[in-house]
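Excluded from the calculations below are hydrogen atoms, water molecules and symmetry mates; all remaining heavy atoms, backbone and side chain alike, are included. Just so it is clear: chains get the letters A, B, ... in the order the sequence lines come, proteins before strands, and each one is counted from 1.
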2 protein chains.
Amino acid sequence: MKTTQNIDVTVDAIVFGYNKEIGVTVLLIKRKNDPFKGQWALPGGFVEPTESLELAVARELKEETGVKINYLEQLYTFGQPDRDPRKRIISVAYFGIVKSSQFKKLKAADDAEDAEWFKIKHLPALAFDHQKILKMAIDRLRSKMIYQPIGFELLDKKFPFSDLEHLYSTLLGRPIDRRNFRKKVMGLGILEELDEKAPSLGAGRPGNLFQFNKATYNQLVKEGMHFEI
Amino acid sequence: MKTTQNIDVTVDAIVFGYNKEIGVTVLLIKRKNDPFKGQWALPGGFVEPTESLELAVARELKEETGVKINYLEQLYTFGQPDRDPRKRIISVAYFGIVKSSQFKKLKAADDAEDAEWFKIKHLPALAFDHQKILKMAIDRLRSKMIYQPIGFELLDKKFPFSDLEHLYSTLLGRPIDRRNFRKKVMGLGILEELDEKAPSLGAGRPGNLFQFNKATYNQLVKEGMHFEI
DNA sequence: GCAAAAGTGTTGGGCCTACACCCATGC
DNA sequence: GCATGGGTGTAGGCCCAACACTTTTGC
């Protein structure tokens, strides 16, 4: 098979963020160049000849949006021959999460005219097959959250328990039983309760702060944990 | 980014089979050409300019081994810059299953000097990073089997219940309680009991034959089924 | 003192695990 | 008739869902 393939390889990133007031959001850029100039799209771009795929994602994210991610995993590779009007382009999509604290720091640059967080409930029209890619990412986020505590990655390093509650009930789209949820999560032993109160928001009793113990979590995963909500 | 990337795209297939006597096996080919000439490797090859990735997998499998697969899903994309000694090659790996009945029909051709089923317990040295890819595929097979009934895809269209039992206890590497297993599986309602006996193997009472009801299964998946062994 | 959010236990039912014997067939 | 694999029921325990009131704080 010595014929030239003439296939290009890109990476795309679906980066989720979370904020108590806004809910779950995804990071999009407005394209500066054709094709789909002026349209919203997933951040991403061509892989450099000598960099790994993961590096390419991190680089493109930094260049286009200024965001640094806290969690990254490969999602899926999209390779339909006609998915890009220019030529055949195969895109390896990555699924990323930024912590709440990193949430606002956006600065569009490079190929992007603009970068913004969009609520996953209210998305604009997207370029290429990015609608399909994003849908797959949202499905993955939902299903991963209910059997692995990646939800924790969306929160700050220290957070009040109610943030976790809100995150889960928002994303699952249904109310959760607060008592049972707390019992279940605490039962896993991967949350450490701190000796610190959350800043009061003007009303109501301030909660205690917690933090995620990643070491204990990794231990559990090895032993074959079972989470389920 | 108008510089030529000079990256090639291949697909690789990790195809599993099952047979009561032999256990779980994976399909490998012996390479006819350099690099790694004469070594065992995963079947696969370069993607043609206008075919989809799935088609490329199916074509390569047919060309190199003569096998037709019953189940196929994307596994992962391997893109480390140095994973092929010739040049940068990104490989999209697919995870496939053939039914027991298709098991023996191998005929090496094309790039392959030979094609053979290997027990996953006794694997030869593999070319490229195929060891790593295969390991990931086996992990996926194991974890998928315990929460989705893809194990059924490894069996024939009609099979005695004991085949399913043996498959699961082999792959899980531990004995399973026959009564509980039967109750659990039958409780899902995705197996239809047929009015037909399995051919007797010379000893013992012949069992009834069953078949997998894919429609009911798909229905269940939509409603959010929960399997777990 | 009142509005808002945090924190906390018990019970009933369903599900899952553990466990052993009889049945049909081939030789 | 014996060896081999097929087929079946039950009881106890554990876990999970359902459920409401008291506490702390800001205003």
Distance check needed: [N] [atom2] versus [X] [atom1], whole Å only.
{"X": "A/K183", "N": "C/dA6", "atom1": "NZ", "atom2": "P", "value": "18 Å"}
{"X": "B/F181", "N": "C/dT17", "atom1": "CZ", "atom2": "P", "value": "12 Å"}
{"X": "B/L188", "N": "C/dC15", "atom1": "CG", "atom2": "C1'", "value": "14 Å"}
{"X": "B/D177", "N": "C/dA20", "atom1": "CG", "atom2": "P", "value": "11 Å"}
{"X": "B/K197", "N": "C/dG26", "atom1": "NZ", "atom2": "P", "value": "12 Å"}

Inter-axis angle, terminal five-pair segments of the helix from C/dG1-D/dC27 to C/dC27-D/dG1 [nearest 10°]: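 The value is 0°.
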Side chain of A/S200 - closest among D/dC19, D/dA17, D/dG26: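 Looking only at heavy atoms from C-beta outward on A/S200, the closest nucleotide is D/dG26.
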Of the listed nucleotides C/dG7, C/dA18, D/dG7, the one nearest the side chain of B/R178: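 Within the option list, the nearest is D/dG7.
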Evaluation steps, side chain to side chain donor-acceptor pair (under 3.5 Å), between B/D12 and B/S91: CA-CA 7 Å; B/D12 285 310; B/S91 174; 2.6 Å; yes
Short side-chain donor-acceptor distance under 3.5 Å, A/E73 and A/Y94: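 Checked: A/Y94/A/E73 side chains show no N/O donor-acceptor pair below 3.5 Å.
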What I want to check is whether an N or O donor and acceptor connect the side chain of [X] with the base of [N] at under 3.5 Å.
{"X": "A/R205", "N": "C/dG7", "value": "no"}
{"X": "B/N180", "N": "C/dA18", "value": "yes"}
{"X": "B/R179", "N": "C/dA20", "value": "yes"}

B/R83 with B/D129: basic N within carboxylate O range, under 4.0 Å: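 B/D129 and B/R83: salt-bridged.
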Sugar-phosphate, base or nothing in reach of B/N208, heavy atoms under 4.0 Å: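 Answer is sugar-phosphate: B/N208 comes under 4.0 Å of backbone atoms only.
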Proximity to DNA chain C (any heavy atom under 4.0 Å), residues of residues 149-176 of chain A only: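 DNA chain C contact set from residues 149-176 of chain A: A/S162.
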Centroid-centroid distance, A/F161 to A/F210, less than 6.0 Å: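 Yes, close enough.
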Aromatic ring proximity B/F78/B/Y76, centre distance under 6.0 Å: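 So the answer is yes for these two rings.
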Side chain to side chain contact (heavy atoms under 4.5 Å, CB included) partner of B/E64, the single match among B/D114, B/L106, B/I29, B/L27: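 In the set B/D114, B/L106, B/I29, B/L27, the residue that makes a side chain to side chain contact (heavy atoms under 4.5 Å, CB included) with B/E64 is B/I29.
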B/K144 atom NZ, over 12 foreign heavy atoms within 6.0 Å: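 Yes, enclosed.
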Phosphate-side-chain proximity, B/K184 and C/dC15, N/O vs OP1/OP2 below 4.0 Å: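 False: B/K184 side-chain N/O out of range (4.0 Å or more) of C/dC15 OP1/OP2.
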Distance in Å, A/I69 CD1 paired with A/F16 CZ, rounded so as to fall on 0.5 Å steps: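 Going from the CD1 atom of A/I69 to the CZ atom of A/F16 covers 12.5 Å.
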5′-ward residue of the pair B/F210/B/G204 relative to DNA chain D: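 Its nearest nucleotide lies further toward 5', so the answer is B/G204.
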Check against side chain to side chain donor-acceptor pair (under 3.5 Å), A/N70 and A/E153: CA-CA 7 Å; A/N70 298 102; A/E153 301 283 348; over 6 Å; no
